Amino acid sequence: MNIRNFSIIAHIDHGKSTLADRMLELTGTIEKRHMQAQVLDKMDLERERGITIKMAPVRMEWKYKEKDKGEPFILPVILNLIDTPGHVDFSYEVSRALTAVEGVILLVDATQGVEAQTLSVLGVAKQLNRVIIPVVSKIDAPTARVADIKSELALLLGVEESTVLGVSGKTGEGVADLLDTIVELVPPPQHTTQTQGLVFDFGYSDHRGIIVYLRVFGGSFVKGDTLRFVAANADFTALEVGTLSPDERPSDKLVEGEIGYIVTGIKKPGIASVGDTVTNAKRPSPELAGYMAPTPVIWASVYPESQDDLPILRQSLEKLRLSDSSLSYEEESSGVMGRGFRCGFLGMLHLEIIIERLRREFNLDLVVTQPTTVYEITFMNGTVEEIYSPAKFPDDGTAKQVREMWADITIITPTAYVGGISQLLYDHEAKVGDTQTLPDGKIELQAEMPLRELMRGFFDKLKSVSSGFASLGYKLTGMRNAEVTRLDILVAEEPVPAFARIVSARRVNYEAEQLVEKLEELLPKQLFELKIQAKSNGRIIASRRKSAMRKDVTGYLYGGDITRKKKLLEKQKKGKKRMLARGKVDIPHDVFLKVVREG
Ligand SMILES: Nc1nc2c(ncn2[C@@H]2O[C@H](COP(=O)(O)OP(=O)(O)OP(=O)(O)O)[C@@H](O)[C@H]2O)c(=O)[nH]1
Ligand SMILES: [Mg+2]
């Protein structure tokens, strides 16, 4: 079997999924009448937001026409493609996808040029020694600068300009040539004697259990075989094996070099993990090099609105983790909020996606606390502790030293926005380093900043000061001393742990004012005058009062719509139950989410 395994990598929105669409069409993998835009983006959230969140493997068959050989010769080749996400939060997906393939298509948008994520995904591909095929996308676009961007990409990779291909995912131009080039340049899988496959992803179904997605490096996996997870040292029967095109297509076996899936039937979480090696229990092989566990950069606690939902939340997180190995969590309990989970995320978008999935796919009403980065605290008595919950951050003078994570960031922007970006960097406590002009005239800025400041909406603000033109990449560097303090919010004179946050000491007064103002606007009126206060280091530093509402909650309803009235009273009853649990004031869950989202 002739096989080529490759992945498409690029900055966000540079046209990866759209190019994949044309490949699927051209190879006849998906019929034209079943085609929809970015067909590999299967999740509702991906479709709504127009971004890829999860990598997607797909198998295609291509009839390669051998050239320069006198008479035409047609060679059937199996192409296994893995589409990857471009957003910085999902770079862990990219790194996993790349261990399953021999070659990559590095795509650069002809209307944008090289961006921050272009550099970071290229870095990963180079580290793994993958064959890189440079391609300029969107060559049909009216604002495309094909020649310029080709030479920019050639310079970046140190290759001849003529080797950079051009494609349009819209018109399909250049796509057949690209497929031929993949056959020519991407090496076929190497032969190994061991029976082994690397698990790069998971799926889960209620009745079939865990489905592993793997790259077979050696031997074959046959339906009915007893297989083994090497690291977990757990055996299972292959209930079904098959390939993805892009839906599951069962077959008798998966062989060396292929990418496909195995249905394990395992329903217990925690056995299988991404990066584990699958082998045959009768002919076990050693473990393949797996993946570095991802480092969560931001943490938030998630509580069910009603404590009755705690078991459902636990199960939902277990299931989500099976399809998203970068999610981490542990159970915790906080006095007022009850029991919940401390969750680690790869960034703000990742957090938002997980919360949204918990709400939609599992129908949960949740309270989400203000996200925070990790702080390393040295106490007066010499003990050192890692704290990733504002509620546990000491504000009683027992901390001798606080350290926090810093990140190196790279920004690529057109010159016109450098001024605005410099101001933004200053506001976010960044130390600006080298700047250089790129071949196409854009500026590459290096800076270092606390991760806390990066997570404080920096990405969105960067997009807004640059009208969407600047791009950002970052990597964590290490812990440094931090000048931060805890800010508590009191509603009706009771602290609300979910609103507590750790802020820069120099911004604490400003943040306090902003937060009480926002809460005054967001919190519903109560039957009494509502006090909203911000407290830090034992002092109230900002305060607002929200006036009371009229007594009869149903009074404003028109006419005598009895069902609405009933509903409202029901709601009030439910609210009362929660009030007992949480304190005097019932805070609707969308207020928690709004405060989290808008900082
Ligand atoms: N004119 C033109 N537009 C394109 C082309 N390819 C993609 N687009 C548009 O560019 C946008 C992004 O396309 P996607 O294919 O979703 O980009 P992506 O790289 O998969 O994005 P992420 O997965 O979120 O990183 C969409 O609005 C597409 O319609 C192209 O060849 N020509
Ligand atoms: Mg995509």
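We count ligands from 1, going down the list as the structure has it; atoms in each ligand are counted the same way. Only a predicted model underlies this, so the values are computations on that prediction, with no experimental measurement involved.
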Residue [X] vicinity, atoms of ligand 1 by number, heavy atom under 4.0 Å:
X      : value
Gly86  : 25 (O)
His14  : 19 (O)
Asp140 : 1 (N), 2 (C), 30 (C), 31 (O), 32 (N)

key: Centroid separation Phe459 to His87 less than 6.0 Å   = yes
query = Counting backbone and side chain alike, does Thr18 bring an N/O/S atom below 2.8 Å of the Mg ion (ligand 2)?
reply =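 Given the 2.8 Å cut-off, Thr18 does not count as a ligand of the Mg ion (ligand 2).
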ask   = ligand 1 versus Asp41, non-hydrogen atoms closer than 4.0 Å: side chain, backbone, both, neither?
value =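 The answer is neither.
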Looking only at N/O atoms, are [X] and ligand 1 under 3.5 Å apart anywhere?
X      : value
Asp83  : no
Ile51  : no
Ile139 : no
Thr52  : yes

inquiry  = Rounding to 10°, state the angle centred on the Mg ion (ligand 2) that links OG in Ser17 with OG1 in Thr52.
reply    =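 Rounding to the nearest 10 degrees gives 90°.
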key: Candidate with minimal heavy-atom separation from atom 6 (N) of ligand 1, of Thr18, Leu107, Leu40   = Thr18
query = Do we see a donor-acceptor contact under 3.5 Å between the side chains of His428 and Lys461?
reply =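 Distance-only check passes for His428 and Lys461.
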ask   = Will you find, in the side chains of Ser17 and Asp83, an N or O donor that is under 3.5 Å from an N or O acceptor?
value = yes
query = Is there side-chain contact between His14 and Gln117, with heavy atoms separated by less than 4.5 Å?
reply =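 No, too far: nothing below the 4.5 Å cut-off.
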inquiry  = Which residue and atom name correspond to the protein heavy atom nearest atom 26 (C) of ligand 1, and how close is it?
reply    = Gln38 NE2, 4.1 Å
key: Shortest protein heavy-atom distance from atom 10 (O) of ligand 1, along with the residue and atom involved   = Lys138 NZ, 2.9 Å
message = Any protein heavy-atom neighbour for atom 8 (N) of ligand 1 (distance below 4.0 angstrom)?
response =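 There is a protein heavy atom less than 4.0 Å from atom 8 (N) of ligand 1.
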